Engineer: 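A single structure is presented below for examination.
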There are 2 protein chains.
Amino acid sequence: MDRFSKEALSIDEIKHLERLGVLCRGDILKMTTLAKQGHPGGSMSSIDIYITLYSFANVNPKDPYDPGRDRIVISHGHTSPGVYSVLGRFGFVDLDKAIAHFRQAGSIFEGHIERVVPGVEWTTGNLGQGLSAGCGFAVAGRVRGLDFHTFVVMGDGEQQKGQLSEARRFAVKYNLPITAIIDNNGLQISGTNKSVMPQDIKANYLSDGWEVLEIDGHNYQEIYQALRYSIKKKKPVAIIARTVMGKGVSFMENKEVYHGKALTIDEYKKAMAELGLDDDLEEYRRMREAFKPEPHNFPPNEPVNIDTGTPFTYKPGDKVDNRSAFGNALKDLGERNNDGKHTPIIVFDCDLASSVKTDGFSKVCPNHFFQGGIQEHNTATIAGSASTQGVISFFADFGVFGIDETYNQHRLNSINNTNLKLITTHCGLDVGSDGKTHQCIDYVGVMRNLFDFKIIVPADPNQTDIVTRFVARSEGNFLIAMGRSVIPVITDESGKPFYDASYTFEYGKADLLRDGNDGAIITMGTMVYRAIKAWEILKNKGILVKVINVSCPLALDREMLKDACKTGLVVTYEDHNVNTGLGSIVASAIGEEGIRVKLIKLGVTCYGASGESEELFKMYGLDAESLAKVIEEAKR
Amino acid sequence: MDRFSKEALSIDEIKHLERLGVLCRGDILKMTTLAKQGHPGGSMSSIDIYITLYSFANVNPKDPYDPGRDRIVISHGHTSPGVYSVLGRFGFVDLDKAIAHFRQAGSIFEGHIERVVPGVEWTTGNLGQGLSAGCGFAVAGRVRGLDFHTFVVMGDGEQQKGQLSEARRFAVKYNLPITAIIDNNGLQISGTNKSVMPQDIKANYLSDGWEVLEIDGHNYQEIYQALRYSIKKKKPVAIIARTVMGKGVSFMENKEVYHGKALTIDEYKKAMAELGLDDDLEEYRRMREAFKPEPHNFPPNEPVNIDTGTPFTYKPGDKVDNRSAFGNALKDLGERNNDGKHTPIIVFDCDLASSVKTDGFSKVCPNHFFQGGIQEHNTATIAGSASTQGVISFFADFGVFGIDETYNQHRLNSINNTNLKLITTHCGLDVGSDGKTHQCIDYVGVMRNLFDFKIIVPADPNQTDIVTRFVARSEGNFLIAMGRSVIPVITDESGKPFYDASYTFEYGKADLLRDGNDGAIITMGTMVYRAIKAWEILKNKGILVKVINVSCPLALDREMLKDACKTGLVVTYEDHNVNTGLGSIVASAIGEEGIRVKLIKLGVTCYGASGESEELFKMYGLDAESLAKVIEEAKR
């Protein structure tokens with residue numbers, strides 16, 4: 001498309017845009033008044049920016065998911081009435097439906113914009129994440145060799161969010177072709193920006209190395225010129241657009257009450273008269289009353305072909321930690337799929353590559369490795385948004401940063417139906433002497449709140465390699481959670497590696513590693529080899545128990561559980577908060593199945609101390625010997 | 001104390017400090033080499049700052065918790081060897097123990113500094129939160145009329161964290177007497193700051209309105225002068241201290257490998273020789289081997305006396321939402337405890353006061369209401385750190401911001417043993433048409449991962465009022481989680497308000513609201529009145545069930561549960577992710593108790609749509625009629 005090709009808008013073009021501006025303002029007021037809620041004020045201050053963007057950016061309602069399209073991210077998702085109005089006027093969506101069914105249960109025209117609406121690139125609503133999402137699109141575009149531009153429109157209130165400063169630095173570091181447009185109407189819910197939280201937005205952008213333009217955000221020529229200038233720059237440029245909340249209707253202008261309040265019918269009529277537009281609200285009201293919920297279809301994440309190769313098999317006696325096994329597999333995936341110019345894999349780090357073992361990949365695919373610095377919020381969102389764009393996106397971090405610090409970023413990723421491979425190392429007390437602030441003991445407990453995330457907690461380096469390749473070729477959001485320490489290769493009773501080439505990973509299938517009928521240990525991750533050690537101790541005492549590896553705690557293998565319960569004694573055993581992880585999931589399942597069985601839950605019961613991990617496990621009664629003792633006592 | 005009173009340090013004083021600098025460097029190397037781990041490099045670049053601070057700030061090892069003391073926050077907690085060394089040299093702790101037991105399981109000298117160590121004000125380790133913690137101390141000091149100064153020492157890598165930009169703006173908005181000292185050694189784990197994430201730290205601070213000084217961070221005179229200047233300013237001043245990682249030992253200087261790596265014994269010996277210090281490591285090794293774990297005692301959060309008055313009782317028919325009941329109670333607490341100058345209550349908002357109903361309090365206690373802007377990470381930490389300082393600290397926000405976005409801040413608060421009253425409104429699908437990004441359906445599922453947080457989900461305005469006063473007078477971290485909508489006053493069968501003046505709230509006690517033997521509905525929050533509605537529907541059909549309000553889901557009333565199970569049918573019913581909230585807790589308890597009962601879990605099974613809340617409950621089978629139907633079918 002002929003993107004911002006003309007030097008300037010003609011008078012006729014401006015007239016046309018101005019007319020659109022009036023019509024869209026009418027749409028916004030209809031939507032919000034009919035729904036009796038929503039955010040008209042900000043929609044009316046952003047609308048001239050939206051109109052100019054959708055008029056001249058490379059977007060096409062006939063082919064809204066063309067990989068080469070420009071990406072337009074609207075970060076202040078509460079301006080949804082403005083967005084729907086423009087998308088309707090430009091043919092991306094049915095305008096009448098948008099007006100009639102705004103904020104109606106089952107409609108795609110939700111209170112905050114969503115990716116199920118054609119033309120909407122990213123579901124927003126929690127402020128401050130849009131610029132990061134835009135960085136993710138730009139990064140994916142670069143590694144795929146696509147020459148699109150990314151526009152991110154934001155509110156001024158949300159400039160207060162710290163994640164923005166992280167995104168600004170990332171965009172400058174990688175010199176991304178991004179234009180940020182800030183709707184600077186000066187008002188937020190509680191009053192003026194100045195009174196709520198004084199901020200020099202321009203100085204903030206300049207201090208992070210952005211070029212900054214200042215324009216009148218209701219002057220189409222100025223908006224056009226600034227956008228045109230910025231896309232030619234192919235680097236981060238911020239446009240601060242001075243705007244007026246409620247612009248276009250005299251009694252709404254500069255009133256923060258209209259941030260989140262619809263007009264009454266009387267006010268609406270007065271406004272429509274001032275805009276010179278007809279009042280056809282009754283027609284829409286009839287449509288609204290006749291509404292039937294419609295399907296919400298996400299655009300498919302662009303498919304990626306990848307050769308996931310053959311798993312490495314580590315031998316008994318090899319000294320390997322799971323994170324190195326992950327790193328080796330990732331490097332192998334990188335090499336194997338690298339045609340010299342491209343690989344479909346992209347990896348994000350937050351200054352921990354040497355610990356989370358993505359440094360091997362970074363050497364073989366340096367252009368596909370992105371160092372996000374100590375900026376986890378930004379990186380989590382970038383990794384998520386990039387994952388929807390025809391690349392396989394890995395974000396590897398310590399558990400506390402990749403999960404605890406960034407939970408809400410992953411929540412938004414999940415709501416956006418991303419395709420992220422989140423890899424966390426240093427989970428559990430196994431972290432050792434970095435202590436409680438660094439011990440992520442809630443990797444299951446926190447992430448199980450996200451409906452679509454699948455969690456895999458591999459038992460040894462071999463299973464880690466296998467599941468790394470598995471998630472690389474599987475659609476959807478995955479978390480692989482690992483500890484820190486070297487752990488032995490899990491073998492069968494004969495000493496053969498259990499997770500060797502003959503093993504096929506199936507999400508949700510538990511593995512019976514040792515058999516017995518005197519009880520069952522249900523475990524995962526770094527505790528599996530300890531459970532086997534306990535099995536040996538108990539065997540020598542004449543007690544034979546099952547050892548079951550549940551590497552997919554959220555998809556508990558109910559048949560295996562029932563078998564375990566038949567022994568009369570189930571012990572869950574995990575390096576995780578005992579209230580919220582595997583033990584809680586097993587207990588729930590037993591409760592739901594209505595099974596009577598003696599259940600003992602072993603896990604972490606307080607924030608951990610700082611010491612060698614094995615010392616810690618001993619101290620908290622979680623070493624193999626303590627486990628064996630608990631079972632022995634239960635069998636007395 | 002005579003704080004930084006002299007115009008300049010004398011030559012003798014400087015010599016004394018320099019000698020201390022050598023000794024502390026020796027301590028750092030002993031600690032880390034003996035433990036075979038830790039962070040010597042950063043400790044040695046920060047140590048001269050620490051020595052100067054603890055020499056001249058108003059701190060007293062004999063009375064480390066004097067309310068009037070200056071607060072020294074060390075944000076880059078991995079420089080613990082440096083901190084312990086200084087605290088040992090100044091008599092806050094036993095230096096020999098610190099050297100011998102660094103990072104030993106059960107010792108207070110953990111890998112990252114902790115508040116259980118006298119002289120340490122705030123447990124850190126997750127970077128980027130220290131300046132916010134310092135703001136919390138400063139705010140509490142101001143409202144209490146204490147004239148102390150707050151110093152926050154930080155690393156340069158952590159300047160990348162977005163939360164810092166939020167804290168900078170907050171400090172300037174409230175003109176807090178804070179000095180930020182940045183140990184600018186230019187290196188982080190993966191290499192130079194410049195290569196990892198380019199940042200103009202000075203420009204960032206200036207852009208947010210701070211005064212910035214630049215000094216040589218190893219020159220005691222310069223450090224002293226800069227600190228002296230800054231405390232006189234009584235406003236936010238940043239000191240960027242140019243330092244050298246590993247400073248003092250030639251072969252360690254400017255090597256990022258020593259960020260997180262201890263010296264070998266040979267390297268250690270070489271270093272000690274260069275420092276001109278004796279090698280007494282063997283003595284410490286013997287001490288280490290003879291170690292016995294010692295108690296970890298938090299300094300008591302300063303007690304606060306408060307008159308919590310008499311609860312309001314709303315009458316049946318009153319149109320009130322829980323959040324207004326909270327707001328009214330909070331305002332009453334503010335008025336009641338305001339002597340015209342002071343109140344022991346302090347309230348934090350993130351631009352939502354009119355929605356979370358703290359606006360009433362803000363009018364009666366304007367100087368105790370802090371508007372943090374759209375900066376939730378910063379505000380959550382501030383509210384937490386302030387809560388340890390002799391004030392009752394409320395942080396009120398929407399659930400998605402006060403919980404999901406800020407989980408890791410509360411995790412650190414919890415680890416710090418804070419005394420926070422976290423109030424979240426707009427939880428659940430009850431949010432309605434703001435849609436999925438705004439519907440916090442994991443307020444129990446996420447927060448139950450924190451060991452000490454107590455969660456209360458009140459059933460109606462009366463219980464809300466009562467528990468608001470309860471948490472105000474109760475020590476510890478509490479979450480009160482509420483919905484958005486107006487809900488009816490819960491009554492007994494005779495129509496009398498159930499939660500009236502005769503009701504005493506007891507944490508962990510469930511309430512039997514309706515009785516019956518055909519089944520039991522276990523519920524909480526906004527669903528309680530719907531459960532009663534279902535009870536009425538079922539009663540008319542000849543089915544009598546119990547309705548049990550579990551307002552404290554984490555402290556499930558097991559006796560009440562057993563009674564419920566005796567009916568043979570338990571239905572959990574919640575406006576929360578069905579996998580992680582009340583249903584999961586009840587199912588676990590049933591599994592643990594080994595009870596056989598038919599269990600049905602009703603709750604939220606997907607991210608919610610945007611529509612009127614009652615429409616949503618219907619759509620997802622969670623309205624009273626659907627609940628009654630489920631029970632009716634189960635009884636067939």
Side-chain angles (χ1 to χ4, degrees), chain A residues 103-106 110-112 125-127 157-158 160-163 165-166 169 173 188-190 196-199 203-204 207 351 371 373-375 404-405 407-408 411 415 433-437 442 445-446 448-449 577 580 584 587-588 590-592 594 596 599 606-607 609-611 615-616 619, chain B residues 103-106 110-112 125-127 157-158 160-163 165-166 169 173 188-190 196-199 203-204 207 351 371 373-375 404-405 407-408 411 415 433-437 442 445-446 448-449 451 577 580 584 587-588 590-592 594 596 599 607 609-611 615-616 619:
Chain A
R103 285 179 171 245
Q104 193 166 16
E110 303 210 344
H112 292 82
N126 290 183
L127 295 171
E158 73 172 308
Q160 293 157 14
K161 287 288 295 175
Q163 187 172 334
S165 72
E166 301 181 354
R169 285 187 286 271
K173 176 182 177 188
Q188 56 193 103
I189 295 176
S190 303
V196 172
M197 186 50 64
Q199 179 177 23
N204 282 165
S207 79
D351 196 23
Q371 174 54 267
I374 308 176
Q375 305 190 147
D404 297 332
E405 175 79 345
Y407 171 67
N408 199 40
R411 183 175 153 271
I415 285 176
S433 62
D434 270 344
K436 47 183 70 60
T437 59
D442 47 17
V446 168
R448 66 189 278 214
N449 288 285
N577 184 326
T580 60
S584 137
S588 292
I590 290 173
E592 286 166 22
R596 250 181 228 252
L599 172 66
C606 63
Y607 300 116
S610 161
E615 277 184 74
L616 296 182
M619 193 164 134
Chain B
R103 284 179 173 246
Q104 194 167 15
E110 302 210 345
H112 291 81
N126 290 185
L127 296 170
E158 72 173 308
Q160 292 156 15
K161 288 289 293 176
Q163 187 172 335
S165 72
E166 300 180 355
R169 285 187 285 271
K173 176 182 177 187
Q188 57 194 101
I189 296 176
S190 304
V196 173
M197 187 50 64
Q199 180 178 22
N204 281 166
S207 79
D351 196 23
Q371 175 54 268
I374 308 175
Q375 305 190 144
D404 297 332
E405 176 79 346
Y407 172 66
N408 199 41
R411 183 175 153 271
I415 285 176
S433 62
D434 270 345
K436 46 182 70 61
T437 60
D442 47 17
V446 167
R448 66 190 278 213
N449 288 285
F451 288 110
N577 184 326
T580 61
S584 138
S588 291
I590 290 173
E592 287 166 21
R596 250 180 230 252
L599 172 66
Y607 299 116
S610 161
E615 277 184 73
L616 296 182
M619 194 164 132

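Keep in mind that this is a model prediction, so the values were computed, not measured. So that the names make sense, note that chain A is the first sequence line, chain B the second, and so on, each numbered from 1.
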Engineer: Under 4.5 Å, counting heavy-atom pairs only, tell me which of B:Ile189, B:Asn577, B:Asp351 racks up the most with chain A.
Structural biologist: B:Asp351
Engineer: Pick from B:Gln104, B:Arg596, B:Lys436, B:Gln188: which one has the most heavy-atom pairs with chain A under 4.5 Å?
Structural biologist: B:Lys436
Engineer: So which of B:Gly125, B:Gly611, B:Gly162 has the largest heavy-atom pair count under 4.5 angstrom toward chain A?
Structural biologist: B:Gly162
Engineer: Within the structure provided, determine whether A:Asn126 and A:Gln163 are in side-chain contact (heavy-atom separation under 4.5 Å).
Structural biologist: no
Engineer: Taking the side chain as everything from C-beta on, heavy atoms only, tell me whether A:Asp404 gets closer than 4.5 Å to B:Tyr407.
Structural biologist: yes
Engineer: Does any part of the side chain of A:Arg411, heavy atoms only, come nearer than 4.5 Å to the side chain of B:Asp442, both counted from C-beta?
Structural biologist: yes
Engineer: Please state whether the side chain, the backbone, both or neither of A:Ser610 comes within less than 4.5 Å of a heavy atom of chain B.
Structural biologist: both
Engineer: If you count heavy-atom pairs within less than 4.5 Å of chain A, which of B:Lys173, B:Glu166, B:His112, B:Gln199 leads?
Structural biologist: B:His112
Engineer: With chain A, which of B:Thr580, B:Ile590, B:Leu127, B:Leu599 has the greatest number of heavy-atom pairs at distances under 4.5 Å?
Structural biologist: B:Thr580
Engineer: In terms of heavy-atom proximity below 4.5 Å to chain A, should B:Glu405 be classed as side chain, backbone, both, or neither?
Structural biologist: both
Engineer: Which atoms of A:Glu158 are under 4.5 Å from chain B, going by heavy atoms: the side chain, the backbone, both sets, or neither?
Structural biologist: backbone
Engineer: Which one, B:Gly591, B:Gly106, B:Gly157, leads in non-hydrogen pairs under 4.5 Å with chain A?
Structural biologist: B:Gly591
Engineer: Can you tell me if B:Ser433 uses its side chain to pair, donor with acceptor, with the backbone of A:Gly111 under 3.5 Å?
Structural biologist: no
Engineer: What residue, out of A:Ile415, A:Asn204, A:Thr437, has the most heavy-atom pairs lying under 4.5 Å from chain B?
Structural biologist: A:Thr437
